[in-house]
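Here the structure is laid out as structure tokens; the discussion comes afterwards.
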Amino acid sequence: MKVLKFGGTSVGDREAIEQVVAIIRREAADAPVMAVFSAMGDTTDRLVEIARLAVRQRLDAALQWLGQLRRRHFGMARALITGDERYQMLRDTLAMYFARLEQMARSLSVLQDLSPRVQDEFLAHGELLSTRLLQAVLAERGLPAVWLDSRRIIKTDATHTEAVPDMAASREAVAAQVRPLLEQGQIPVLQGFIGADAEGHTTTLGRGGSDYTAALLGSLLPADEVQIWTDVDGILTADPTLVPDARLVERLSYREAAELAYFGARVLHPKTLAPAMERHIPVWVRNIARPDGRGTCILFETGPTGAPVKSIAYKKGITLITIVATRGWKPHDFLRRVFDVFDRYQTAVDLVSTTEVSVALAIHRMPHRERFVEELQQLGRVEWQADKAIVCVVGERLRGRSGIAGEILAAAAPHPVSMISLGGSEINISFVCDEQALPAVIPQLHRRFFAKRPDRRNGKAAKSPAKRDEHHQLAIREASR
Ligand code: ADP
Ligand code: ASP
Ligand code: MG
């Protein structure tokens, strides 16, 4: 069994959707498959904006934007579905969702309050719309696609906007509602990103969460593989928007991929790898525009590759906080008190570096600043700098490689580095620099570690299906070792 996930750009226009249909047809020829879809294109961003406009009482603007989304979805439906009856059914369903969105926008503008619960309900419509459309397209092209509501399958807690899945309840739902369809040769079509809490209220798994949905379903079935189809050839040696000649990384371990995702490589949602790793399910990242390309295969171990560095990621919007103890705390007590404050404000620390009397911490979101800072100031002198970035260099066994940290820092020069973390994980060396230095620092690092290797992305990008299959079988054998 395979779980195939298609991202926003993969379902963003007509040609891409035709490509998706061809991929599903091909993958379904030799194994049962299910499909998970994100919202079309930038629909989720638009919905966020519409909800915000509505609460700020700019209802006219909100409804105008909603009208645009509506036209885009109806236009796509008309262009892709030719059967009158099927088109009318789809049109009625889409119209019902848009009527609900409009109703919600109007209520938001009266209440002037956007609770996380209402936001989840609102945003979920992006995936509800795209999956209705895709199911109709697949059915019209003769594929046995069945639409399912992920809210009846991915059961979560009630942490709206970042819900945590209830694996036991979801496993039961998958066994009862999804597995039988696969066994009958049907193709279940589900929404990524969304779920529901025990009371049936819609929840979401966090922005970009459709990858996570695919991995959860893969683990719950369990599937033999999860395929993440997107708009790049796989996981690349760096973000291609900063490094246009970034190359494909053919193999990564779960740990390497998880570090890259956590430190900003947007191509995978950070939580995606954990469920797959638990069940040793290979995760492939592949390009819908090049279905015969090799893609990236993520597995337990990748074996020796010769190159110490596999890929470089970065995370923007970092604040660096330094606290220097002023009261003569005992060193262990000082650190405990500092972390207590972060715990109380539910703030994750991305990197940390300490001496006996001071600590520097890199965090992604600064909580309600004043009270948070006041509490820290009771422990010592506090300084903070915003607009920083974390750069993360990933590769198996980086720790302990002599001279590697020096090479990394030299490659970042002359841009100042305000913190370095080495040793926290054996596969990651990270440092903090100014956010505005990223467009220079990332390409410099990339040149330093990838300049001499042959370009395997643009050269022989496409392997024959038979060759890909061989590669694939090898990967799966390794995964199940
Ligand atoms: P989808 O809509 O398919 O989920 P995303 O936009 O979320 O796609 O993720 C794919 C994008 O991630 C790519 O277009 C690329 O710009 C960006 N990206 C950032 N870092 C990397 C990386 N190391 N490898 C591949 N893509 C990356
Ligand atoms: N549509 C959602 C988002 O844009 C989920 C996803 O794309 O993975 O965040
Ligand atoms: Mg994504």
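Whatever order the structure lists them in is the order used to number ligands and atoms, beginning at 1.
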Please list the nearest protein heavy atom to [atom] with its residue and the distance rounded to 0.1 Å.
| atom | value |
| --- | --- |
| atom 13 (C) of ligand 1 | Asp231 OD1, 3.5 Å |
| atom 6 (C) of ligand 2 | Ser210 OG, 3.4 Å |
| atom 25 (C) of ligand 1 | Gly234 O, 3.4 Å |
| atom 2 (O) of ligand 1 | Gly8 N, 3.0 Å |
| atom 3 (C) of ligand 2 | Arg207 NE, 3.3 Å |
| atom 7 (O) of ligand 2 | Ser38 OG, 3.3 Å |
| atom 4 (O) of ligand 1 | Lys5 NZ, 3.1 Å |
| atom 24 (N) of ligand 1 | Leu236 N, 2.9 Å |
| atom 8 (O) of ligand 1 | Thr230 OG1, 3.2 Å |
| atom 9 (O) of ligand 1 | Val267 CA, 3.5 Å |

Does the N or O separation between [X] and ligand 1 drop below 3.5 Å for any pair?
| X | value |
| --- | --- |
| Arg266 | yes |
| Thr241 | no |
| Ile312 | no |
| Thr237 | no |
| Pro240 | no |

Below 30° counts as parallel, above 60° as perpendicular, anything between as tilted: where do the rings of Phe98 and Phe74 land?
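Because their plane-to-plane angle lies in the 30° to 60° range, the rings of Phe98 and Phe74 count as tilted.
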Pull out every atom of ligand 2 sitting under 4.0 Å from any heavy atom of Glu127, numbered as shown with elements.
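Near Glu127, meaning under 4.0 Å from one of its heavy atoms, ligand 2 has 1 (N), 2 (C), 5 (C).
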Ligand-residue contact atoms, ligand 2 with Thr44, heavy atoms, under 4.0 Å
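The list of qualifying atoms is 1 (N), 2 (C), 3 (C), 4 (O).
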Gly209 to ligand 2, any heavy atom closer than 4.0 Å
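Checking ligand 2 against Gly209, which is what was asked, there is a heavy-atom contact under 4.0 Å.
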Gly208 to ligand 2, any heavy atom closer than 4.0 Å
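The answer is yes, since Gly208 has a heavy atom less than 4.0 Å from ligand 2.
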With heavy-atom distances below 4.0 Å as the criterion, list the atoms of ligand 1 near Ala238.
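Answer for ligand 1: 22 (C), 23 (N).
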Are any of the N/O atoms in Lys5 less than 3.5 Å from those in ligand 2?
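Between Lys5 and ligand 2, no N or O pair is found under 3.5 Å apart.
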